[in-house]
There are 2 protein chains.
Amino acid sequence: MTEKQQNIFDTALNLFAEHGVDATSTSKIAIAAGVSEGLIFRHFKNKEGLLNAILSSGMEKADAYFHAIIGEIDPKTRIKKALELPFQIDSKDYAFWRLVYTLKWQRGSIESDGMELFRASLAEAFEQLDYENPSAEARLVEAIIDGIATEVLLKDIYPKPLLECILKKYKLNKLHK
Amino acid sequence: MTEKQQNIFDTALNLFAEHGVDATSTSKIAIAAGVSEGLIFRHFKNKEGLLNAILSSGMEKADAYFHAIIGEIDPKTRIKKALELPFQIDSKDYAFWRLVYTLKWQRGSIESDGMELFRASLAEAFEQLDYENPSAEARLVEAIIDGIATEVLLKDIYPKPLLECILKKYKLNKLHK
DNA sequence: CATTAGAGTGATTAATCACTTACAAATATA
DNA sequence: TATATTTGTAAGTGATTAATCACTCTAATG
């Protein structure tokens with residue numbers, strides 16, 4: 001990636017996240033990136049290609065986090081780590097996640113293979129712990145993660161107290177390790 | 001409201017919810033509603049005015065639900081009713097809520113006075129029950145509601161099992177009344 | 001019957017949209 | 001040094017955008 005190409009990538013990500021893809025024109029991206037509009041199309045083919053480059057780059061990094069949780073063998077620890085996910089979002093990645101959550105509502109959620117494995121491994125953990133409805137429990141955890149992530153991404157408040165609260169509900173707050 | 005005005009209102013709501021406000025042109029609305037484009041501007045002044053009409057109309061109905069919860073005096077019942085909220089969304093209102101959740105990420109969340117009171121009354125309930133951090137508990141419930149509502153609105157699955165799961169965590173599943 | 005007001009239309013506006021083309025500058029390779 | 005190749009630009013393209021325009025139609029009022 002040349003410097004200008006990286007410029008396009010970064011400013012597009014920020015503008016997409018802040019105002020939405022549809023409200024962000026290629027001309028605005030070019031101006032904000034200090035680049036001619038044509039260069040966007042040279043490097044990324046079209047607007048959709050630019051968006052896809054941003055998404056796949058971000059999901060690659062995200063998949064690493066998911067696999068770290070899948071690899072956790074102890075079911076309690078696995079669930080705990082899953083619930084901790086939204087509290088560990090790197091602030092550098094805020095724009096990316098804002099974009100992902102925005103796109104959920106129009107273009108369907110961006111699914112990586114890591115996310116599917118993550119879902120299944122959660123249900124498996126609840127099953128090992130003899131929960132009554134493991135798959136529903138897994139979906140609930142996913143919903144809670146989404147809800148808290150929304151809280152973290154949209155309101156800039158200190159989220160840690162929420163972690164205490166939710167871990168208590170799952171009796172995971174005094175878990176060794 | 002004349003029939004055509006109602007037509008514009010309804011089709012705009014559905015298109016806004018499905019594709020987003022920015023991706024929905026006034027010409028598309030007019031065609032889908034079987035109406036001349038000019039009529040949109042006669043009745044609603046501009047696109048923003050149409051959006052505002054849709055939002056304020058919807059929030060009026062939503063406020064009724066919030067006040068029903070605020071009016072509940074027993075703290076446990078109040079919290080339970082709050083957690084039940086996302087499971088009781090009228091399917092006729094799906095489009096409206098999809099629109100609300102979409103707009104959260106770009107134009108800021110649509111806040112009604114009912115919602116602020118709701119938030120405060122939740123914290124009050126947790127305080128009465130001697131929870132350690134009532135305001136954090138209230139924010140957590142809000143986040144959970146948002147997460148489950150997202151689940152309900154985006155995936156068309158049967159959500160009731162999730163209600164069982166979450167009520168158990170709050171020990172509200174065997175609450176009389 | 002004459003007047004008025006609101007509902008509704010279709011053509012038209014300037015601006016913006018995503019994207020293309022023609023060409024120059026820079027950089028690598030021979 | 002000569003020649004490709006890549007990186008970059010400026011000026012365009014037609015299509016679409018939100019909004020306005022002059023206008024017609026209908027129904028009620030006096």
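Every chain is numbered from 1 and lettered A, B, ... according to where its sequence line falls, protein lines coming before strand lines. Below, all heavy atoms of this structure are taken into account, side chains as well, without hydrogens, waters or symmetry copies.
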*Look at the aromatic rings of B/Y131 and B/F126 and report parallel, tilted or perpendicular, splitting at 30° and 60°.*
perpendicular
*With the side chain counted from C-beta on, respond yes when A/R107 and A/L51 share a heavy-atom pair under 4.5 Å apart, and no when they do not.*
yes
_Gap between atoms CZ and P, on A/F41 and D/dA11 respectively (whole Å)_ = 18 Å
*Would you say A/S25 reaches C/dT16's phosphate, i.e. side-chain N/O to OP1/OP2 under 4.0 Å?*
no
*asked:* So that I can tick it off, tell me whether A/E132 and B/K168 are bridged by a salt bridge, with the cut-off set at under 4.0 angstrom between side-chain N and carboxylate O.
replied: yes
_Geometric cation-pi criterion B/K169 and A/Y170, 6.0 Å radius, 45° cone_ = yes
*So, B/E151 and B/K155, do they make that salt bridge, N to O below 4.0 Å?*
yes
*Donor-acceptor pair, A/D93 side chain versus A/F96 backbone, under 3.5 Å?*
no
*Just by distance, do the side chain of B/H43 and the backbone of B/L39 share a donor-acceptor pair under 3.5 Å?*
no
*Mind calculating the distance between CZ (A/F16) and C1' (C/dA18) to the nearest angstrom?*
12 Å
*Ion pair check, A/K28 and A/E37, cut-off under 4.0 Å*: no
*For every nucleotide of nucleotides 3-11 of chain C, 5' to 3': is a protein heavy atom under 4.0 Å from its base (B), only from its sugar-phosphate (S), or from neither (-)?*
----BBBB-
*Taking NZ, NE, NH1 and NH2 as the nitrogens, is one of them in B/E124 or B/R78 under 4.0 Å from a carboxylate oxygen of the other?*
yes
*Value in whole Å for how far the C1' atom of D/dA10 lies from CD1 of A/I40*: 14 Å
_Quick check on the helix from C/dC1-D/dG30 to C/dA30-D/dT1: what's the angle between its two end axes, five base pairs per end, to the nearest 10°?_
0°
*Starting from C1' on C/dC17, measure out to CD1 on A/I29 and report it in whole angstrom.*
12 Å
_Does anything in residues 44-56 of chain A come within less than 4.0 Å of DNA chain C? Heavy atoms only, and list the residues if so._
A/N46, A/K47
*Sub-3.5 Å donor-acceptor pair from the side chain of A/N7 to the main-chain atoms of A/A33, do we have one?*
yes
_Measuring to OP1 and OP2 of C/dA18, would you say a side-chain N or O of A/S27 lies under 4.0 angstrom away?_
no
